[in-house]
Amino acid sequence: MCTLGINTQDASCDSQNKRCAYTFQYGDGSGTSGYYVSDLLHFDTAAGNQSVTSNSSASIVFGCSTSASGVLQKTDRAVDGIFGFGQQEMSVISQLSSQGVAPKVFSHCFKGDDTGGGVLVLGEIVEPNIVYSPLVQNQPHYNLNLESISVSGQTLPIDQSVFATSSNQGTIVDSGTTLAYLAQDAYDPFVNAITSAVSQSATPVSSQGEQCYTVTSSITDAFPQVSLNFAGNASMILRPQDYLLQQNSAGDAQGWCIGIQKSDGQDITVLGDLVLKDKIIVYDLANQRIGWVQYDCSMPVSVSSNTSTGTASVNGGSIDVNNNSSSSLRNEPFKLIPISMMFVFLVHIYINH
């Protein structure tokens, strides 16, 4: 247990007391420390042969926190825990995969409306139009090669070196980040292009240093489409609601602001939930790639069952097996990017004590 933790430089072992302590720091300055423990994770398994196996379980190692700092200790921002879905051996998905319990791939689909919710799958969501981009190798985070940004079909004049991956820059996919952040040298060209492309029904205004707009029509009609263009000829299309956040309204006019923030003093681009919502996102660790496609996350999703008999249809908290072989601006948004990437998911885990 501790060997894996020491490999990621977040653990220390006390042979006398037979305890393994950990300390973990996140990109927003918050942190957690405690001890590694082992217990059973209980779950249902869906297969493509018209069956659901209930009461399955697997032993996993996880951190039992005894102290927290930063936003993790604020009562109004309290979370039940952080579910580790990084690439390292200590992550939950890696542990389950090494035991043969789950494939080394996981997927999610977050609903973008006010009701929230969605689905998290320990496996691969299959959808015909998913596009994939290869992961940047030897990175602790889920890094992709962002090559360019287009607004209304026009590529922005941003040097590609701005998006190059190194120890202190690159493009990270992180569902633990509420909004999204753009490298500082790419931010102004992006905002300027949006402002230049809006229709006459959107009037640019400045609000507390943010670029905002007073809009008298549908944002779909008033704002341009944005395309994030990645290696592998894979583009992520952003609708206006994927880069804007609604503010106060007055009469027939609505206030909307650019929700993508500037990474002040940094060249890191972080794709958080603002842009990941209403999309199937597949983290295919076995093939070292990430895929996505626009999707209504209130609808069932088809999940590969790793069998020749079909797929399983998963919807929210229920599983229905079939044999179909086709397949407002938050004041303190979360930005939990750890040294060895973990993701935040709101899921229920049943642990035996």
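What you see is a predicted model; the values in this text were computed from it and never measured. FYI, the numbering just counts along the sequence from 1.
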**Q** Look at the side chain of S263 and the backbone N and O of I268, then say whether any donor-acceptor pair between them is shorter than 3.5 Å.
**A** yes
**Q** How far apart are the closest heavy atoms of S148 and T155, and which atoms are they?
**A** CB-CG2, 3.9 Å
**Q** Under 3.5 Å, is there a donor-acceptor pair between the side chain of Q184 and the main chain of G265?
**A** yes
**Q** For residues I158 and F190, determine if any side-chain heavy atom of one lies less than 4.5 Å from a side-chain heavy atom of the other.
**A** no
**Q** Any luck finding a side-chain donor-acceptor pair between S97 and S94 under 3.5 Å?
**A** no
**Q** Taking NZ, NE, NH1 and NH2 as the nitrogens, is one of them in D242 or K279 under 4.0 Å from a carboxylate oxygen of the other?
**A** yes
**Q** In Å and rounded to the nearest 0.5 Å, what is the CD1 to CD1 distance from I130 to I125?
**A** 7.5 Å
**Q** Applying a strict under-4.5 Å side-chain criterion to I, L, V, M, F, W and Y, I'd like to know whether L271 and L120 cluster together.
**A** yes
**Q** Would you check if there is a donor-acceptor pair between the side chains of S67 and S33 at a distance under 3.5 Å?
**A** yes
**Q** How long is the span from the OH atom in Y132 to the CG atom in N287, to the nearest 0.5 Å?
**A** 8.5 Å
**Q** Begin from the C-alpha positions of I60 and D39 and carry the test side-chain contact (heavy atoms from CB on, under 4.5 Å) through to its verdict.
**A** CA-CA 6 Å; I60 62 169; D39 213 325; 5.9 Å; no
**Q** If two hydrophobic side chains count as joined below 4.5 Å and joins carry through other members, does L245 share a cluster with Y213?
**A** yes
**Q** Please determine whether a side-chain nitrogen of the Lys or Arg among D284 and K104 lies less than 4.0 Å from a carboxylate oxygen of the Asp or Glu.
**A** no
**Q** Looking just at side-chain N and O atoms, do S201 and S217 make a donor-acceptor pair shorter than 3.5 Å?
**A** yes
**Q** How long is the straight-line distance from OG of S30 back to NZ of K74, given to the nearest 0.5 Å?
**A** 10.0 Å
**Q** Is there a side-chain contact (heavy atoms from CB on, under 4.5 Å) between S91 and F85 once you walk through the steps?
**A** CA-CA 5 Å; S91 73; F85 277 75; 5.8 Å; no
**Q** Checking side-chain polar atoms at under 3.5 Å, does Q169 have a donor or acceptor matched by the opposite partner on Q266?
**A** no
**Q** Going by distance alone, is a donor N or O of one side chain under 3.5 Å from an acceptor N or O of the other, for T177 and D273?
**A** no
**Q** To the nearest 0.5 angstrom, please state how far the CD1 atom of I149 sits from the CD atom of Q154.
**A** 14.5 Å
**Q** Measure the spacing between OG of S175 and CG of L276 and express it to the nearest 0.5 Å.
**A** 7.0 Å
**Q** What pairs of residues pass the ring-ring contact (aromatic ring centres under 6.0 Å, His included) test when at least one of them lies in residues 255-279, not counting sequence neighbours?
**A** none
**Q** Closest approach of Q25 and G29, non-hydrogen atoms and distance?
**A** OE1-O, 4.0 Å
**Q** May I ask you to check whether over 12 heavy atoms, not counting those of N233, lie within 6.0 Å of atom CG?
**A** no
**Q** Please examine the side chains of T165 and T171, heavy atoms only from C-beta on, and report whether any two atoms are closer than 4.5 Å.
**A** no
**Q** Look at the side chain of D278 and the backbone N and O of G112, then say whether any donor-acceptor pair between them is shorter than 3.5 Å.
**A** yes
**Q** Show your working on side-chain contact (heavy atoms from CB on, under 4.5 Å) between Y181 and T269 and close with a plain yes or no.
**A** CA-CA 5 Å; Y181 295 79; T269 294; over 6 Å; no
**Q** Do you reckon F163 sits in the same ILVMFWY cluster as V136, going by side-chain contacts under 4.5 Å, direct or chained?
**A** no
**Q** If I compare all heavy atoms of I93 with all of G86, which pair ends up nearest, and what's the gap?
**A** CG2-O, 3.7 Å
**Q** When clusters are formed by joining ILVMFWY residues with side-chain heavy atoms under 4.5 Å apart, either directly or through shared neighbours, do V205 and V198 land in the same one?
**A** no
**Q** Would you sort out whether Y36 and F62 count as a ring pair (Phe, Tyr, Trp, His ring centres under 6.0 Å), showing the intermediate values?
**A** CA-CA 6 Å; Y36 284 125; F62 58 94; 9.3 Å; no
**Q** Indicate, with yes or no, if the rings of W292 and Y283 have centres closer together than 6.0 Å.
**A** no
**Q** So if you build clusters from Ile, Leu, Val, Met, Phe, Trp, Tyr with side-chain heavy-atom gaps below 4.5 Å, do M90 and Y35 land together?
**A** no
**Q** Do H141 and Q87 come close enough that some side-chain heavy atom pair is under 4.5 Å?
**A** no
**Q** Does C109 offer a backbone N or O that forms a donor-acceptor pair with the side chain of K277 under 3.5 Å?
**A** no
**Q** Any side-chain heavy-atom pair from I237 and V226 closer than 4.5 angstrom?
**A** no
**Q** Please check if any side-chain donor atom of T195 sits under 3.5 Å from a side-chain acceptor atom of N192, or the reverse.
**A** no
**Q** Any side-chain heavy-atom pair from V92 and F106 closer than 4.5 angstrom?
**A** no
**Q** Can you give me the closest heavy-atom contact between Y187 and Q261, atom names plus distance?
**A** CE1-C, 3.5 Å
**Q** Are T214 and T203 linked by a side-chain donor-acceptor pair shorter than 3.5 Å?
**A** no
**Q** Tell me if a side-chain donor or acceptor on S218 pairs with a main-chain N or O of T220 at a distance below 3.5 Å.
**A** yes
**Q** Side chain of S196, backbone of A193: donor and acceptor closer than 3.5 Å?
**A** no
**Q** Is the shortest heavy-atom distance from the side chain of V71 to the side chain of Y26 under 4.5 Å?
**A** no
**Q** Under 4.5 Å between any side-chain heavy atoms of I260 and L179, yes or no?
**A** no
**Q** Are side-chain N/O atoms of T216 and D252 paired as donor and acceptor at under 3.5 Å?
**A** no
**Q** Carefully, step by step, assess I82 and F24 under the rule side-chain contact (heavy atoms from CB on, under 4.5 Å).
**A** CA-CA 12 Å; I82 298 176; F24 215 80; over 6 Å; no
**Q** Measure the shortest side-chain to side-chain distance between R289 and L135 over non-hydrogen atoms and say whether it is less than 4.5 angstrom.
**A** no
**Q** Let me confirm one number: the OG-CD distance from S133 to Q288, rounded to the nearest 0.5 Å.
**A** 12.0 Å
**Q** Tell me the closest heavy-atom pair linking Q99 and A58, and the distance in Å.
**A** OE1-CB, 3.8 Å
